[in-house]
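A quick write-up on the structure given underneath.
Within every chain, numbering begins at 1; the chains are lettered A, B, ... in the order of the sequence lines, protein sequences first and strands thereafter.
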2 protein chains.
Amino acid sequence: MTDTAPRPTLEAVAARAGVSRATVSRVVNGGDGVRDILAERVRKAVEELGYVPNQAARSLVTRRHDAIAVVVAEPETRVFADPFFALQLRGISKELTAHDNQLVLLLTEGRDDHTRVGRYLAGGHVDGALVFSLHLDDPLPELIQRAGVPTVFGGRPGWSGDRRGVVYVDSDNRGGARAAVRHLAGLGRTRIAHITGALDQTSAVDRLDGYRDVMADADPRLIAEADFTPAGGERAMRELLGRCPDLDAVFAANDLTASGALRVLREAGRRVPDDVAVIGFDDMLPVAEQTDPPLTTVRQDIEEMGRLMARLLLRGLDRGTPQEGVGDTPAGVVLPTTLVRRASA
Amino acid sequence: MTDTAPRPTLEAVAARAGVSRATVSRVVNGGDGVRDILAERVRKAVEELGYVPNQAARSLVTRRHDAIAVVVAEPETRVFADPFFALQLRGISKELTAHDNQLVLLLTEGRDDHTRVGRYLAGGHVDGALVFSLHLDDPLPELIQRAGVPTVFGGRPGWSGDRRGVVYVDSDNRGGARAAVRHLAGLGRTRIAHITGALDQTSAVDRLDGYRDVMADADPRLIAEADFTPAGGERAMRELLGRCPDLDAVFAANDLTASGALRVLREAGRRVPDDVAVIGFDDMLPVAEQTDPPLTTVRQDIEEMGRLMARLLLRGLDRGTPQEGVGDTPAGVVLPTTLVRRASA
DNA sequence: GCAGACGGTGAGAGCGCTCTCGCGCCCACG
DNA sequence: CGTGGGCGCGAGAGCGCTCTCACCGTCTGC
């Protein structure tokens with residue numbers, strides 16, 4: 001309504017409770033070493049006045065902010081088009097909330113923004129950062145590393161620089177891919193194709209590697225490059241069909257790509273899974289469940305990834321040795337993936 | 001690497017530039033009333049030392065934070081499952097960034113969280129809030145309103161309380177629905193059904209109202225209630241088909257619902273759009289473009305909605321009269337929707 | 001019965017910044 | 001040459017909090 005009723009200060013609470021500022025402060029921050037009688041009086045005063053600590057004043061002296069930044073690079077791309085991001089955020093948010101930390105969201109748009117983000121992080125406004133950067137050539141990770149902010153990366157950073165002390169959380173893309181391809185092989189398929197994701201992203205590279213792990217001596221023409229989009233999937237599928245009409249299975253780098261491939265297969269009159277078995281990746285529900293037939297795919301626990309990232313960061317912050325993968329703290333944590341069987345394979 | 005190199009303070013910059021703290025402060029904050037010679041010297045010192053103002057110290061005295069909260073209620077629901085949210089955020093982020101504001105993201109999980117959010121907002125940690133709350137009975141809006149934080153709502157808040165001074169941005173759900181139904185009518189369809197969204201959300205209610213605007217005296221059996229999900233769409237479609245086998249068009253409350261309906265229609269052997277024309281709502285790309293046939297739908301400019309919300313809030317903040325729809329500031333801004341014609345109608 | 005220890009409390013400094021105030025300088029004007 | 005008015009700048013207070021330190025009272029041990 002009107003402008004900001006003057007918020008009560010520590011001083012006010014102290015006066016009301018008949019104690020000193022210091023004592024109120026102690027109570028507010030856990031209350032060790034204060035007699036119950038006093039503590040109770042203070043709590044009552046806090047309650048009555050509706051006292052809320054001024055975070056700015058607190059940060060000024062503690063140099064802690066109880067806030068961490070979540071940096072999402074280039075929302076142009078698919079990150080933003082699928083629920084991935086939202087789920088990840090949700091996991092992060094839950095974990096941060098549980099530890100009374102705030103989430104400051106930084107979305108970057110193009111290169112210029114990198115310096116902005118870098119400055120912000122270097123500015124010490126937050127205690128740490130969670131960074132999502134998908135592209136191999138992204139300067140952001142290095143920039144952030146240099147800013148000296150404790151950081152945990154989402155997804156293995158494809159980053160040519162010094163890797164020491166880089167902490168990241170990733171899905172087991174390679175293992176998941178292996179499981180998918182093995183499943184196809186187990187179905188008796190022998191001409192198993194792969195449609196890759198955008199190969200400037202580590203997840204795509206890892207999935208391709210997983211495919212190769214199993215199909216070591218496969219016909220290289222069974223691999224077609226795409227970009228994680230349905231349109232890319234269509235294109236690649238057409239290519240594959242032209243090149244290897246005898247293929248009997250496709251492992252697509254993600255569900256979107258798979259949905260494109262599915263469409264092309266249907267057009268071409270190939271029955272799924274009878275003629276061609278198809279597996280995707282991500283278990284992106286609105287897609288995987290809506291395809292025809294419903295998609296067999298590799299699920300990753302996105303939300304858990306987010307939680308874990310936050311947990312790792314906060315734990316590091318506590319220890320005072322944030323990002324260094326010293327001793328027992330692993331530098332990279334890889335979450336398992338599971339195959340979800342639906343109808344397409 | 002090591003812990004936090006001690007960041008330079010105003011004092012340090014002042015010393016280096018041979019001026020007083022006050023002068024440095026002036027230069028850093030716009031630099032009026034400082035001779036160019038001095039200003040230049042200060043800027044040089046800032047540069048050399050890599051000075052970044054301590055936001056906490058600044059906020060402590062200015063009582064501004066240059067940060068606004070984005071509150072998203074109940075990420076359980078569909079909000080989180082579609083790209084809506086991400087796009088909205090992106091719009092908000094762009095606008096905030098342009099005005100050097102930070103985005104603090106607050107996701108709520110269930111009721112208990114409401115008090116947490118309320119306390120946070122009341123705590124004066126942010127200058128304002130953008131709130132997304134979909135449900136009619138959500139206590140959050142009222143809570144926030146009481147907290148006295150300048151707020152702009154995303155979507156018309158379905159809120160029984162005092163409406164004075166509530167600022168919101170919404171899509172023209174009703175108008176969009178009307179356009180969709182009129183389009184169907186224009187196609188010569190006469191038995192036009194409607195599958196509603198979750199009717200505890202204003203957007204669903206408004207879309208239903210839009211349908212009714214055009215189909216004032218339609219058979220009430222042509223309306224089936226669903227919940228914005230594909231499964232709900234399937235269920236409702238089956239219902240409708242049973243109840244009114246002669247229907248020749250369906251306007252679904254959103255694309256997800258439409259995709260479910262489409263599937264049931266196909267199963268039932270109805271050709272789309274020949275036998276039954278279908279229109280969705282949202283223009284949610286991964287869905288609308290992937291359906292078979294591609295979905296005709298009503299597009300809303302989600303990102304612009306976000307931008308607009310942020311712009312409205314910041315403008316209000318500037319004026320010092322944030323939420324009151326005083327005089328020229330409208331209380332609700334409704335963004336136009338447009339019909340996107342694809343193959344389904 | 002007294003020294004020492006110890007837990008609880010208050011006084012006060014200081015975090016880094018902004019902003020008001022007043023001083024000094026220069027210019028214009030009388 | 002004297003005076004008034006700006007303008008540019010510095011001094012200093014103070015934002016609300018934490019944290020160290022010294023103090024006080026009580027309790028223990030000899």
Side-chain angles (χ1 to χ4, degrees), chain A residues 3-43 45-46 49-67 100 120 122-127, chain B residues 3-43 45-46 49-67 100 120 122-127:
Chain A
D3 267 84
T4 47
R7 297 208 291 125
T9 75
L10 251 204
E11 193 77 48
V13 177
R16 179 164 197 119
V19 297
S20 74
R21 252 183 8 253
T23 297
V24 179
S25 177
R26 276 186 273 259
V27 172
V28 170
N29 298 290
D32 308 325
V34 178
R35 279 175 309 160
D36 288 351
I37 315 93
L38 278 197
E40 200 38 59
R41 231 159 67 202
V42 169
R43 271 189 284 269
V46 165
L49 294 174
Y51 169 75
V52 183
N54 180 321
Q55 184 61 40
R58 181 180 278 173
S59 301
L60 184 55
V61 27
T62 59
R63 272 105 205 292
R64 302 191 71 256
H65 300 86
D66 294 319
D100 269 312
Y120 181 76
H125 302 298
V126 291
D127 301 330
Chain B
D3 266 84
T4 47
R7 298 208 290 124
T9 74
L10 251 204
E11 192 79 48
V13 177
R16 180 164 194 116
V19 298
S20 74
R21 257 188 359 258
T23 298
V24 179
S25 177
R26 276 186 271 259
V27 172
V28 169
N29 297 291
D32 307 325
V34 178
R35 278 174 311 160
D36 288 350
I37 314 94
L38 278 197
E40 200 40 59
R41 231 159 67 202
V42 169
R43 271 189 285 269
V46 165
L49 294 173
Y51 169 76
V52 184
N54 180 321
Q55 185 60 42
R58 182 180 277 173
S59 299
L60 184 54
V61 26
T62 60
R63 272 103 203 295
R64 302 192 70 256
H65 299 85
D66 294 320
D100 268 311
Y120 181 76
H125 302 298
V126 290
D127 300 330

Heavy-atom closest pair (A:His125 atom, A:His65 atom, distance to 0.1 Å) is O-CG, 3.3 Å
Given protein heavy atoms under 4.0 Å, the one-letter contact record of nucleotides 8-18 of chain C, with B base, S sugar-phosphate only and - none, is simply SBBBBB-BBBB
In this structure, which one of A:Asp32, A:Asp36, A:Leu38 forms a side chain to side chain contact (heavy atoms under 4.5 Å, CB included) with A:Val34? A:Leu38
Name the residue from B:Val13, B:Val27, B:Val28 that meets the side chain to side chain contact (heavy atoms under 4.5 Å, CB included) definition with B:Arg43. B:Val27
Test side-chain contact (heavy atoms from CB on, under 4.5 Å) on A:Thr9 and A:Asn54 and set out the steps. CA-CA 8 Å; A:Thr9 75; A:Asn54 180 321; over 6 Å; no
Donor-acceptor pair, distance only, cut-off 3.5 Å: does the side chain of A:Arg26 make one with the backbone of A:Gly33? no
